[in-house]
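Throughout, a chain's letter reflects where its sequence line sits, starting with A, and its residues are numbered from 1. Both backbone and side-chain heavy atoms feed into the values below; hydrogens, waters and symmetry mates do not.
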There are 2 protein chains.
Amino acid sequence: MKNKTTDCDRCDDIFIHEEVVNEVRKNMPNEETLYDLAEIFKVFGDSTRVKILYALFFAKKMCVCDLAAFVNISQSAVSHQLRVLKQARLVKYKREGRVVYYALDDEHVQQIFEQGLKHITEKKQG
Amino acid sequence: MKNKTTDCDRCDDIFIHEEVVNEVRKNMPNEETLYDLAEIFKVFGDSTRVKILYALFFAKKMCVCDLAAFVNISQSAVSHQLRVLKQARLVKYKREGRVVYYALDDEHVQQIFEQGLKHITEKKQG
DNA sequence: TGAACATATGAATATATGTTCATATTTTAG
DNA sequence: CTAAAATATGAACATATATTCATATGTTCA
């Protein structure tokens with residue numbers, strides 16, 4: 001097999017199911033959207049950040065220092081991760097004096113979380 | 001600041017909100033669960049895999065070759081990614097002669113997908 | 001059985017990313 | 001203003017991972 005990356009040279013120069021591929025392509029969200037979607041999930045896809053998100057989900061808001069204590073990594077590491085979460089808009093923050101409090105940005109975060117947990121638990125018992 | 005990783009030495013040797021941390025910790029799912037959750041999202045967190053998942057979501061089932069054509073990467077790369085998706089149980093497969101068809105494993109995948117998309121689109125218009 | 005096709009897999013490489021260390025920035029207290 | 005506390009950030013390092021190339025495995029058909 002040729003292993004080229006152009007569409008026409010796959011599957012021995014013909015599609016097995018060309019219509020299927022075309023149909024899927026026709027209805028596809030644009031590349032950028034799917035890329036952004038992957039980026040969002042990538043942010044969820046780290047155990048440190050998952051713990052942070054869980055803590056914020058449960059406690060509503062927490063300061064950086066408490067998050068570091070909870071997750072049990074350095075303040076610096078938490079801060080770096082909070083930046084990632086901030087950029088992905090999964091988290092928002094508010095300064096109160098010297099302390100900065102973080103909180104979940106919206107309810108989607110919670111729902112994505114819950115679906116993920118369901119997936120795990122249902123698979124385990126199955 | 002000391003930057004140690006033991007709980008008691010954070011925030012200048014005291015917690016700012018020790019009760020908060022303890023409360024969150026008390027209700028936390030076990031480490032393994034949160035780790036597994038992160039692993040699931042990690043699998044979602046790649047644009048190639050997102051495209052594959054989207055295609056399977058839309059077309060119900062597809063063979064490896066068509067997926068390679070659709071995503072526009074090599075057959076080998078798709079195959080490697082399908083293995084990752086398989087291991088995470090996001091995808092199931094069925095051999096029909098020479099051709100192997102892949103499909104989404106369950107409905108959570110779809111719901112996680114949709115929540116993710118909502119997050120993106122709502123943020124964009126906001 | 002052997003050739004051709006569809007898929008899977010191992011090794012290698014390049015790139016991305018999480019953590020730490022050191023240090024900068026911001027804010028309050030004195 | 002200065003010191004100290006809370007947080008943020010840059011550089012470096014280690015690790016993870018996505019892709020490709022080469023090749024193996026499994027399947028059908030002549």
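Taking the side chain of A:R49 as heavy atoms from C-beta on, and the options C:dA8, C:dG18, D:dT19, the nearest nucleotide is C:dG18. Checked against D:dA8, C:dA8, D:dT27, the side chain of A:Q75 finds its nearest nucleotide in D:dA8. Closest to the side chain of A:C63, from the set D:dT27, C:dT20, D:dT7, is D:dT7. Of the candidate nucleotides D:dT20, C:dT19, D:dT7, C:dT19 has the atom lying nearest to any side-chain atom of A:I73. The listed nucleotides are C:dA8, D:dT19, C:dA6; the one nearest the side chain of B:V99 is C:dA6.
The OH atom of B:Y35 sits 13 Å away from the P atom of C:dG18 (whole-angstrom rounding). Following rounding to the nearest Å, A:L85 (CG) and D:dT7 (C1') show an atom-to-atom distance of 15 Å. For B:E96 and D:dT27, the CD to P distance is 13 Å, given to the nearest whole Å. Rounded to an integer number of Å, the gap from A:K61 NZ to D:dA6 C1' is 15 Å. Look at OH on B:Y101: it is 13 Å from C1' on C:dT7, rounded to the nearest Å. If you measure from atom CZ of A:R95 to atom P of D:dA5, you get 16 Å, rounded to the nearest angstrom. Spacing between atom CD of B:Q87 and atom C1' of C:dT9 amounts to 12 Å, rounded to whole angstrom units. In this structure, CE of A:M62 is placed 13 Å from P of D:dT7, rounded to the nearest angstrom.
Taking the side chain as every heavy atom from C-beta outward, A:H108 and B:E122 approach each other to under 4.5 Å. Side-chain atoms of A:F70 and A:F58, non-hydrogen and from C-beta on, never get closer than 4.5 Å to each other.
Scanning atom types as modelled, one donor and one acceptor separated by under 3.5 angstrom connect the side chain of B:H80 and the base of D:dT20. In this model, a side-chain donor or acceptor of A:S76 finds a partner on the base of D:dT9 within 3.5 Å. A donor N or O paired with an acceptor N or O is not found under 3.5 Å between the base of C:dC21 and the side-chain atoms of A:S74.
For the residue pair B:T33 and B:D36, no side-chain donor N or O sits within less than 3.5 Å of a side-chain acceptor on the partner.
Nearest-nucleotide mapping onto DNA chain C: of A:R98 and A:V84, the residue sitting toward the 5' end is A:V84.
Nucleotide D:dC29 forms a Watson-Crick or G-U wobble pair with C:dG2, both donor-acceptor distances falling under 3.5 Å. Nucleotide C:dA24 has D:dT7 as its partner under the Watson-Crick or G-U criteria, with both atom distances under 3.5 Å. Base pairing of D:dT2 is made with C:dA29, judged by Watson-Crick or G-U wobble geometry with both donor-acceptor distances under 3.5 Å.
Contact between the side-chain N/O atoms of B:S79 and the OP1/OP2 oxygens of C:dT9 is not found at any separation under 4.0 Å. OP1 or OP2 of C:dG10 has at least one side-chain nitrogen or oxygen of B:R83 nearer than 4.0 Å. Using a 4.0 Å cut-off, no side-chain N or O of A:K42 falls inside it from OP1 or OP2 of D:dT17.
Note that CZ of B:F44 is 8.5 Å distant from CG of A:L37, once rounded to the nearest 0.5 Å.
In this structure, the ring of B:H119 has its center no less than 6.0 angstrom from the ring center of A:F41. Taking the ring centroids of B:Y101 and A:H17, they lie under the 6.0 Å cut-off.
Among the atoms of the strands shown, only primed sugar atoms or phosphate atoms (P, OP1, OP2) are found under 4.0 Å from some heavy atom of B:Y102.
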